[in-house]
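Please read the structure below before turning to the comments.
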Amino acid sequence: MKLRLLDILVCPDNKEWPLKIHIFEKRKIEKPFLPKEDGNTKVVCSFYCPKKQLKLTEGSDKDEIIVSKDASKIKYEIDCRECISSEIVAGLIECPSCKVFYPVIDEIPIILKKELRNEDIEREFTEKWADKIKEIKV
Ligand SMILES: [Zn+2]
Ligand SMILES: [Zn+2]
């Protein structure tokens, strides 16, 4: 998944947004599709910029994330370019409110409710990235 997806991804359980990402492995997309730069804001992300961890719309301020409507803090060339050219190969997406983790396996985010999740696939993932996962959960 592209880092950019965090812009719109919500938790399937409680619709929490934005979600956090812990990246274990990523690759750079050499020729990303670059939408036309917005002359006013120079922002590609619409609601939340995962690179800057900045909300671009007004939201509740209960989060630790900086709430800002000031998109001018984001520089397209250095920030959002990374949002659209970073492919997350493996990682964990965390819902900060439910404390539930969703894996990104082989570039695919598994954003499913508990009852739909596949334990076998996830066990393999958890074993492969055990060290990284330990770092997060302590
Ligand atoms: Zn961005
Ligand atoms: Zn949640």
Side-chain angles (χ1 to χ4, degrees):
M1 61 170 264
K2 291 194 185 60
L3 186 59
R4 163 74 208 274
L5 195 61
L6 267 296
D7 186 10
I8 51 165
L9 215 56
V10 299
C11 173
D13 281 321
N14 66 346
K15 307 288 176 238
E16 176 77 10
W17 170 92
L19 302 176
K20 259 194 204 166
I21 188 148
H22 306 275
I23 300 169
F24 300 162
E25 188 185 340
K26 66 175 181 178
R27 65 179 177 87
K28 203 171 169 349
I29 299 165
E30 283 311 323
K31 284 187 181 149
F33 171 73
L34 296 173
K36 221 172 159 193
E37 191 172 335
D38 182 316
N40 294 319
T41 63
K42 300 195 183 290
V43 164
V44 173
C45 298
S46 309
F47 305 104
Y48 171 71
C49 180
K51 164 70 181 159
K52 270 283 160 132
Q53 300 198 344
L54 207 62
K55 279 184 180 173
L56 306 174
T57 52
E58 206 143 31
S60 63
D61 48 11
K62 64 181 160 80
D63 316 80
E64 296 144 39
I65 298 160
I66 315 148
V67 177
S68 173
K69 289 181 81 176
D70 188 4
S72 65
K73 285 184 182 156
I74 299 176
K75 294 279 172 284
Y76 168 79
E77 276 298 329
I78 49 172
D79 296 327
C80 284
R81 198 178 184 87
E82 202 172 314
C83 298
I84 46 179
S85 62
S86 299
E87 183 78 42
I88 312 302
V89 179
L92 276 181
I93 296 167
E94 177 184 358
C95 171
S97 101
C98 317
K99 305 287 176 210
V100 170
F101 291 87
Y102 302 98
V104 179
I105 303 174
D106 295 333
E107 302 187 0
I108 299 178
I110 317 285
I111 309 284
L112 293 173
K113 291 196 177 205
K114 227 180 258 142
E115 58 269 24
L116 297 172
R117 294 172 69 161
N118 181 321
E119 280 182 24
D120 291 337
I121 294 175
E122 293 198 18
R123 192 173 308 119
E124 206 177 296
F125 175 86
T126 310
E127 279 164 17
K128 181 172 177 190
W129 297 103
D131 291 347
K132 300 252 184 196
I133 293 170
K134 236 179 276 163
E135 281 170 32
I136 296 171
K137 293 189 173 173
V138 288

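Side chains included, hydrogens not; waters and symmetry mates left out as well; all remaining heavy atoms used. Numbering of ligands and ligand atoms starts at 1, following listing order. Positions are given from 1, in the same order as the sequence printed here.
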Any side-chain heavy atom of [X] sitting closer than 4.5 Å to one from [Y]?
{"X": "C45", "Y": "P50", "answer": "yes"}
{"X": "V104", "Y": "V89", "answer": "no"}
{"X": "P109", "Y": "I93", "answer": "yes"}

Task: Non-neighbouring partners of D120 that pass side chain to side chain donor-acceptor pair (under 3.5 Å), sequence neighbours left out - done: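 D120 satisfies side chain to side chain donor-acceptor pair (under 3.5 Å) with R123 only.
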
TODO: Under 2.8 Å from the Zn ion (ligand 2), how many protein N/O/S atoms do you get? Just the number, please.
DONE: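 Total protein N/O/S atoms under 2.8 Å from the Zn ion (ligand 2): 4.
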
Task: Side-chain ion pair, E25 and K132, N-O less than 4.0 Å - done: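 Salt bridge absent between E25 and K132.
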
Open item on the list: Need one value: angle at the Zn ion (ligand 1), C49 atom SG versus C80 atom SG, rounded to 10 degrees.
Closed with: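 About 110°, to the nearest ten degrees.
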
Open item on the list: Can you tell me how the ring of F125 sits relative to the ring of F24, calling it parallel under 30°, perpendicular over 60° and tilted otherwise?
Closed with: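 F125 vs F24 ring planes: parallel.
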
